[in-house]
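To start, the structure under review is shown below, and the notes come after it.
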Amino acid sequence: RMSKDLEPFSAMCCCCSQRLASVASIVLLLCVHAQGICTNVVVNRSSVTYVPDDTCQATLPEGTWISHHGCQVSHLEAITIAGPSTLSSLYVGARDLRQASILFVDWLNRKRGGLVVGSRRLSMNLAWVDDGESKLQVANATAQALRLDNVHFGVAGYSSRLTSYAALQAKADQMVMISAGASRDSIFHDNSYMFGFLPGVESKKHDLYSSIVKIATHVDAVWDSSNSSDEGACGREGCLSTLRFAEIGSSCRSYLDEVRTQYFGEIQPCEKVSTKSSDDTLRLVLRRLKSNNVTILEVFTSNVSQIRTITEIMEELQFNVYALICAGRVFKSDFAEEVKSGWWQSSYILDSTPWYPEGKRASGGFSNMTSQEFAAEYEATWHEAPSYLAAAQFAAFCGLSQAIEMAASLNPQDVAAQLRNISLYEFYADISFGPVGTIAMQTVIVQLLEASDSMTTPQAVYPDQEAIAHFVFPKPTWAQQRCRTVTSDCYGHGKCTTSGTCACDEGWSGNECERFRVYAEADEGIVLVTLAVAFASLTAASMLVLGLWRMCHCRYRLERGLLEKLTKAIARADQRKIALTRRRLAYCGWNPRKIDRFVCSIRRRQSEESGISLAYLLSQEFLELAQRCTGLKDPTFYDLADGFFLKEEGIGACSVCPRDGELGCSFVDTLPPKYRQGATHFLSWT
């Protein structure tokens, strides 16, 4: 009895839908009426007990959901990866992990042809048991999942809190478990069966704080080498020597103080405020931080409205800092909504993320995907952009699959040994594990540059190999930011200074550089001549018409050029250029709905006009696909039709068609851009 609200998050669609065959999707959802299941880990409200035998009578609530996903792939045995997940409520993190898991399994089974384990080729299925988003249920749900039929490995759910209990059960059952939804290092301590694919909190902070120290050092070095008489970006003392850190938020994370002290020396006491603190309370706290000369401020709260209030009070007090950090918030939808509503003070806020969708990393060693290709696959399947959790989960399955193939075995000890020593390049990160059992990776530092209703996505600014924008440090003063926002940087005729005034270009004057002027030389010197020439009415009209024509023509040429660039970027599936061109069109006055309509029309036209590369049809890759799908050494065209499209696991069954937006697409739409271009020849099968 599943409600409609829960249906999209509990029903896992098996890749068995195909337009040509009109085969319906298979949804397998079971209700467990548990009479009492046995577990080795018993979680109470205040304690966790390890029971080494099968005498316990731990139970799951009546009607606990179990969800399965997978298709029977011809000629292949199947293994199952199972674990706990929040199925009975909308838990976005848990949903993202499941969607990425499904995407991986469908890709593995349909496109890669399964896993090669010794002399066998195996397909993969998934199973989840509802953890109720409760610590009292998650260990029992984990035990139930790991003891389902044909389960060989485990996958953890979302949140460090729940995963800490699931990890105990995996260790008790001696089952290898991958986790892409927990970042607490203590979960993976002394547990040789747990492998975390999210960097730990301390590791992320090391990367973020070290990037600030490095950019401060660089800014000082540039100022020193210029031999300038100016005070420099951070004053005469320089940036590095004036870094002073403080945190304000709903909780004080004292466990990070050692890391902060390592980079910033003595730090200010944490200022703890509740999410319900009044503006006067926040104003008092911020005034105290300003008087203590804080230059690096980290705001830690889940309340985006409060973050906005803090920045607005900082502007009111002219409390200027070098860097403003908001941990884990800048990619959230509520943050973007606040930015769209006119929150310009959010510009230049810093955060870190394990994965950036427009990153520059090459194709993964196992997935053979770039970040852009993964993002495109995910968006085509789920109609939303992937989060870093989704990318981490996909990479976790890549790492587990690579370890299974390297071990040539399904034995958990053998696979765990291969995971501990793995070194795999993936679009998400270089996958390798430190002594704790969490991934050893460099996180990406992002910054929200010039926030506006058309610019709500932060840009990668560090490290250099991932950066697509310049790291702005120190952050502009509030007065300078307000000047840029109100006057669009002096209307393009000057520059906003740190004091918030406009320094006009030659030929322009006024408080906002809004008036044009001309200089004429005279014997006495430079005399300002005001342009007050009265033109004849006919001449004025002619010039006006000519000016309007030129302006319209220039805008037409600009838009036409941008649309051509967008069309090429869509054909190449270049997500970075697509995003950049969309932003430029927004600057030209195009609203998001108009841009979306244009993108859909281009994708539809390209799909209708695309052909399959002859190089692909003659490749070993296509031959292996044809043989695998048909089970024949030299299949005919009719054999291919049956093997490709008329079976339950038909090619394109789980992909959205760019022509009508429905599930089930053409074979050509499943190919990467290098094999899918405008058709040059038509071949008739007669």
Side-chain angles (χ1 to χ4, degrees), residues 8-13 15 67 69 81 83-87 90-109 111-112 124 126 128 155-160 162-163 177-183 195-199 204 328-333 335-336 351-359 361 363-364 366-401 424 426-429 431 438-439 441 443-444 446 457-458 460 466 573 575-576 579 654-656:
F9 310 104
S10 298
M12 304 305 168
C13 176
C15 59
S67 173
H69 176 84
I81 315 296
S85 184
T86 304
L87 303 174
L90 175 53
Y91 205 10
V92 176
R95 183 207 62 185
D96 288 354
L97 296 178
R98 290 195 303 274
Q99 290 182 170
S101 304
I102 292 169
L103 183 67
F104 175 85
V105 166
D106 290 347
W107 168 82
L108 181 77
N109 293 339
K111 295 186 178 181
R112 192 178 185 272
M124 185 180 289
L126 297 166
W128 290 283
V155 56
Y158 178 64
S159 91
S160 295
L162 297 179
T163 302
M177 177 173 278
I178 54 176
S179 169
S183 59
F195 296 89
F197 285 77
L198 283 185
K204 290 177 65 176
R329 300 310 309 168
V330 299
F331 284 102
K332 302 295 184 181
S333 59
F335 193 96
D351 198 357
S352 62
T353 179
W355 174 73
Y356 188 69
E358 297 178 18
R361 293 180 65 84
S363 299
F366 187 88
S367 67
N368 199 31
M369 291 185 190
T370 63
S371 289
Q372 292 83 359
E373 289 169 340
F374 164 74
E377 287 276 352
Y378 189 96
E379 192 165 353
T381 303
W382 300 110
H383 309 290
E384 63 182 14
S387 65
Y388 71 83
L389 289 173
Q393 185 82 331
F394 197 94
F397 273 87
C398 288
L400 175 62
S401 300
L424 175 63
E426 268 302 330
F427 68 84
Y428 169 72
I431 299 176
T438 54
I439 190 170
M441 64 179 292
T443 54
V444 180
V446 296
T457 304
E466 291 283 349
Q575 298 301 319
R576 176 174 174 271
C654 292
S655 298
V656 174

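If you're wondering where the values come from, they're calculated on a predicted model, not measured in any experiment.
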*asked:* Run the side chain to side chain contact (heavy atoms under 4.5 Å, CB included) test on Trp355 and Ser371 for me, step by step, so that the C-alpha distance in whole Å, both residues' side-chain angles and the decisive distance to 0.1 Å come before the verdict.
replied: CA-CA 9 Å; Trp355 174 73; Ser371 289; 2.9 Å; yes
Within the 4.5 Å heavy-atom criterion, are [X] and [Y] side-chain neighbours or not?
X: His69; Y: Asp106; result: yes
X: Phe366; Y: Leu108; result: yes
X: Met124; Y: Phe104; result: yes
X: Glu384; Y: Gln99; result: yes
X: Tyr428; Y: Cys398; result: no
X: Leu400; Y: Ile81; result: yes
X: Val155; Y: Trp128; result: yes
X: Trp382; Y: Asp96; result: no

How close do [X] and [Y] get, heavy atom to heavy atom, and via which atoms?
X: Glu358; Y: Ala579; result: OE2-CB, 3.2 Å
X: Ser179; Y: Thr163; result: OG-CG2, 3.9 Å
X: Ser367; Y: Glu426; result: OG-OE1, 2.7 Å
X: Pro386; Y: Ala390; result: CB-CB, 4.1 Å
X: Gln393; Y: Ala180; result: OE1-CB, 3.2 Å
X: Ser352; Y: Val446; result: N-CG2, 4.5 Å

Return the [atom1] to [atom2] distance between [X] and [Y], rounded to the nearest 0.5 Å.
X: Thr457; Y: Phe335; atom1: OG1; atom2: CZ; answer: 11.0 Å
X: Asn368; Y: Arg112; atom1: CG; atom2: CZ; answer: 10.0 Å
X: Ser85; Y: Leu126; atom1: OG; atom2: CG; answer: 10.5 Å
X: Ser101; Y: Ile178; atom1: OG; atom2: CD1; answer: 7.0 Å
X: Thr86; Y: Leu97; atom1: OG1; atom2: CG; answer: 9.5 Å

*Mind jotting down which residue pairs meet the salt bridge (Lys or Arg N to Asp or Glu O under 4.0 Å) criterion with at least one end in residues 370-383? Sequence neighbours excluded, please.*
Lys111-Glu377
*Give a yes or no on whether the ring-centroid distance for Tyr388 and Phe331 is below 6.0 angstrom.*
no
*Begin from the C-alpha positions of Trp107 and Phe397 and carry the test ring pair (Phe, Tyr, Trp, His ring centres under 6.0 Å) through to its verdict.*
CA-CA 11 Å; Trp107 168 82; Phe397 273 87; over 10 Å; no
*Can you label the angle between the Phe394 ring and the Phe427 ring as parallel, tilted or perpendicular, going by 30° and 60°?*
tilted
